[in-house]
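Beneath this line is the structure, given in structure tokens, with notes to follow.
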Amino acid sequence: MPRKTAGKSLTRKARTGSDQLQWMYTQMVRIREFEEAVKRTFIEHPGVIRGHSHLGDGAEASIVGALSTRHDADIVMPSYRCHGYPVVLGTPLRKIMAEVFGRRDGLCHGFGGSMHLSDPSRYFPGTSGIIGQAIAHATGAALTAQVKNSGQIVYCFFGDGASKQGAFFESLNMAAVWKLPIVYVLENNQYQAYTHFSLEDANAVAGDPLSKKADAFSIPGVTVDGTDPVAVQKVVAKAADRARAGKGPSLVETKFYRLSAHGNVITVPPLSTQFPDHEAVAVYGNRKEFEHWKAKDPVKRFRARLLKNRALTEPSAKRIEAAARAEVEDAVQFALASPLPAPEEALQYVYA
Amino acid sequence: MAREMMYADAIATAIIEEMQRDPNVIFYGQNMAMTERDPMLKKFGKQRVRIAPISETAEIGIGVGAAMTGLRPIVELWMSEFMLVAFDQVINEAPRLRYMSGGQVSVPLVLKAGYGFCAGWAGQHSNCVYHTMMGIPGLKVVVPSTPADAKGLMAAAIRDNNPVVYLHSYMLTLDKGEVPDGEYVVPLGVADIKRAGTDVTIVAVGWMVKKAMAAADRLAAEGINAEVVDPRTLAPLDVPTIVDSVKKTGRVVLVDQAPRHSSAAAVIAGEIAEHAADLRTLRLVTALDAPNPYSEPLENYVVPNEDKIVDAVKSVMAHEAVAA
């Protein structure tokens, strides 16, 4: 979506909804600060985070714009790149960070880690680490909403890579046949793990947007500037309305750029790991591409626009940022101080 | 009260009764409920009884997601091999999500499929693939051998708060037996001694229970008193009941329609070896190491039969039993 259009809607909203715009900015900053802290932990506290962590920096506008349309009991089911969603849903950052650190006080008591956050009390049932598979789970959650006539809709987030999985095609087909109340948000962050999407997506190869996949299921498919939360909000609101009206699913491609690498470097213990350069630089040697998108950093851009539109003042922006930093720092300290689980706890939770 | 019923009808009866009992139970799959005349559709309506496309990954994955959020789906998969198309959902999604969430969610899902259709279905529709499933923590695996068990275990599977793979033998579909009326639940994880005996234990799975019972009749005529143990569920596996029987008889023959190294029998043999140290002798009667063949003499050669069971029992009888 062109910036001009988005700017217009922002101006209009700014007059009536500066509270909401400030809420959006606050959530975006909280996500960014959280992800930066995870990234720093690999350097400041080597070994504290095990396995593979995936960050959502760059996705803030997509996450917050989409979730700004959410009603209280709507269900949110993202992929394994999942830190940002519970941040917005109100899960205490302490519990999220402690889970990333594998601690007993973590959201999942150290059983899930970075890839498997779960907070069903906030309508966030859980995630899958296997790319694309949770699209089917989210579709199942929409089936529950329909069968129970609960009035809920489901927000299903997944990456461009996942849109090449069988689970994507099968799930969207069934959701369309059954007219399930679900919004599929295809977060096109331009890299499937380490590979640029132009190398693996048929629509991209043909010069089409990825939302064209919706045509295969005869459902609406829209591509939107995923660095602009207001633009995302507008498009997702329409898809959500359609879902709420019982008209079935929609596909929204939010196009943005993942600002960190796919994940921390995969190493074998006791070698320590941290985040490498972004694939554009590390794999393709294309620093220009990376810098181009970094200049379009959704958090910085949104800040500048809110200041310009007087939806936010410099002091209040600084207050929001300081509060987010303090909240995240508190989460890090809490997580560091939280005990590791006792070994014998490993046999808990296998069966219900 | 009980009445005579076919194995297939016993399964259907359990599904209907559980759907009447609990509005959260839903039932869907390929090529079912295709017309308005479908009795299940008439009884429970289009919301709860659905026809699905040929999309195992989504069918099972949707079941997982629906189960995570408050329904109790039964997915009709028809043939157990079709689960292989969606093995990630069966093995790496359904049974893992509760654990990874630290016990916050559960996945009460039933995956219903027939297995081991030895009637000329050749290499991709007749095999036994439960070995991998029974070794997955978080997943339960049910293999009923009688109409009564078929009903009681289906009821238990639907009520269970974990993902359950319910495997019915296609070869038992038309078998008749007494089935209790009304609420009848056979707990998961409890083996059944189908025939009491003192000389030798035969542990058999699914269709093989029927073969083992027939073999035991023949052996009885020759003065050999075999005890037939049916685990009924492969996960959880009732190791104590099996081990107690083997301790009593000192001899065991394990009968399984699967090939030797992917059989439940091989797993059970390991448990017996560790827990019944006084065991004198053990034999496995399994399918030969070949995919299931098409032509009848080939299929009969590969799959276990009564003669093979009788021969195996006689060979273990040649060993002195050691009293427990």
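As the structure is a computational prediction, the values presented were derived from the model and not from experiment. Below, chain A is the first sequence line, B the second, and so on; all start at residue 1. All values below come from the heavy atoms of this structure, side chains included, with hydrogens, waters and symmetry mates left out.
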Chain B contact via A:Leu117 - side chain, backbone, both or neither, heavy atoms under 4.5 Å: neither

Segment of A:Met115 engaging chain B (4.5 angstrom heavy-atom cut-off): neither

Heavy-atom pairs under 4.5 Å with chain A, option from [options] with the top count:
{"options": "B:Pro137, B:Gly70, B:Gly138", "answer": "B:Gly138"}
{"options": "B:Pro53, B:Ala86, B:Pro73", "answer": "B:Pro53"}
{"options": "B:Ile26, B:Ile54, B:Ile62", "answer": "B:Ile62"}

Partner set under ring-ring contact (aromatic ring centres under 6.0 Å, His included) for B:Phe27, not counting sequence neighbours: none

Residue pairs fulfilling ring-ring contact (aromatic ring centres under 6.0 Å, His included) with at least one residue in residues 60-95 of chain B, sequence neighbours excluded: B:Phe82-B:His125

Salt bridge (charged side-chain N to carboxylate O under 4.0 Å, His left out) against B:Glu17, all qualifying residues, sequence neighbours excluded: B:Lys151

B:Ile60 portion near chain A, given a 4.5 angstrom heavy-atom threshold: neither

Which portion of B:Ile51 sits near chain A, non-hydrogen atoms under 4.5 angstrom: backbone

Put together the list of donor-acceptor pairs under 3.5 Å connecting chain B with chain A, please.
unit_1: B:Asn24; atom_1: OD1; unit_2: A:Lys148; atom_2: NZ; d: 2.9
unit_1: B:Arg50; atom_1: NH1; unit_2: A:Gln146; atom_2: OE1; d: 3.1
unit_1: B:Arg50; atom_1: NH2; unit_2: A:Gln146; atom_2: OE1; d: 2.7
unit_1: B:Thr57; atom_1: N; unit_2: A:Glu170; atom_2: OE1; d: 3.1
unit_1: B:Ala58; atom_1: N; unit_2: A:Glu170; atom_2: OE1; d: 2.8
unit_1: B:Ala66; atom_1: O; unit_2: A:Thr144; atom_2: OG1; d: 3.1
unit_1: B:Thr69; atom_1: OG1; unit_2: A:Thr144; atom_2: OG1; d: 2.7
unit_1: B:Gln89; atom_1: OE1; unit_2: A:His137; atom_2: NE2; d: 2.8
unit_1: B:Gln89; atom_1: NE2; unit_2: A:Gln133; atom_2: O; d: 3.3
unit_1: B:Gln89; atom_1: NE2; unit_2: A:Gln133; atom_2: OE1; d: 2.9
unit_1: B:Glu93; atom_1: OE1; unit_2: A:Ser128; atom_2: OG; d: 2.8
unit_1: B:Glu93; atom_1: OE2; unit_2: A:Ser128; atom_2: OG; d: 2.8
unit_1: B:Arg98; atom_1: NE; unit_2: A:Tyr351; atom_2: O; d: 3.4
unit_1: B:Tyr99; atom_1: OH; unit_2: A:Ala346; atom_2: O; d: 2.5
unit_1: B:Met100; atom_1: O; unit_2: A:Gly112; atom_2: N; d: 3.4
unit_1: B:Gln104; atom_1: NE2; unit_2: A:Leu107; atom_2: O; d: 3.2
unit_1: B:Gln104; atom_1: NE2; unit_2: A:Ser118; atom_2: O; d: 2.8
unit_1: B:Gly138; atom_1: N; unit_2: A:Tyr351; atom_2: OH; d: 3.3
unit_1: B:Leu139; atom_1: O; unit_2: A:Tyr351; atom_2: OH; d: 3.4
unit_1: B:Asn162; atom_1: OD1; unit_2: A:Ala352; atom_2: N; d: 2.6
unit_1: B:Asn162; atom_1: ND2; unit_2: A:Ala352; atom_2: O; d: 3.4

Which atom of A:Met174 lies closest to which atom of B:Ala52, heavy atoms considered: CE-CB, 4.0 Å

Residue among A:Gly113, A:Ala138, A:Gly126, A:Pro120 with most heavy-atom pairs under 4.5 Å to chain B: A:Pro120

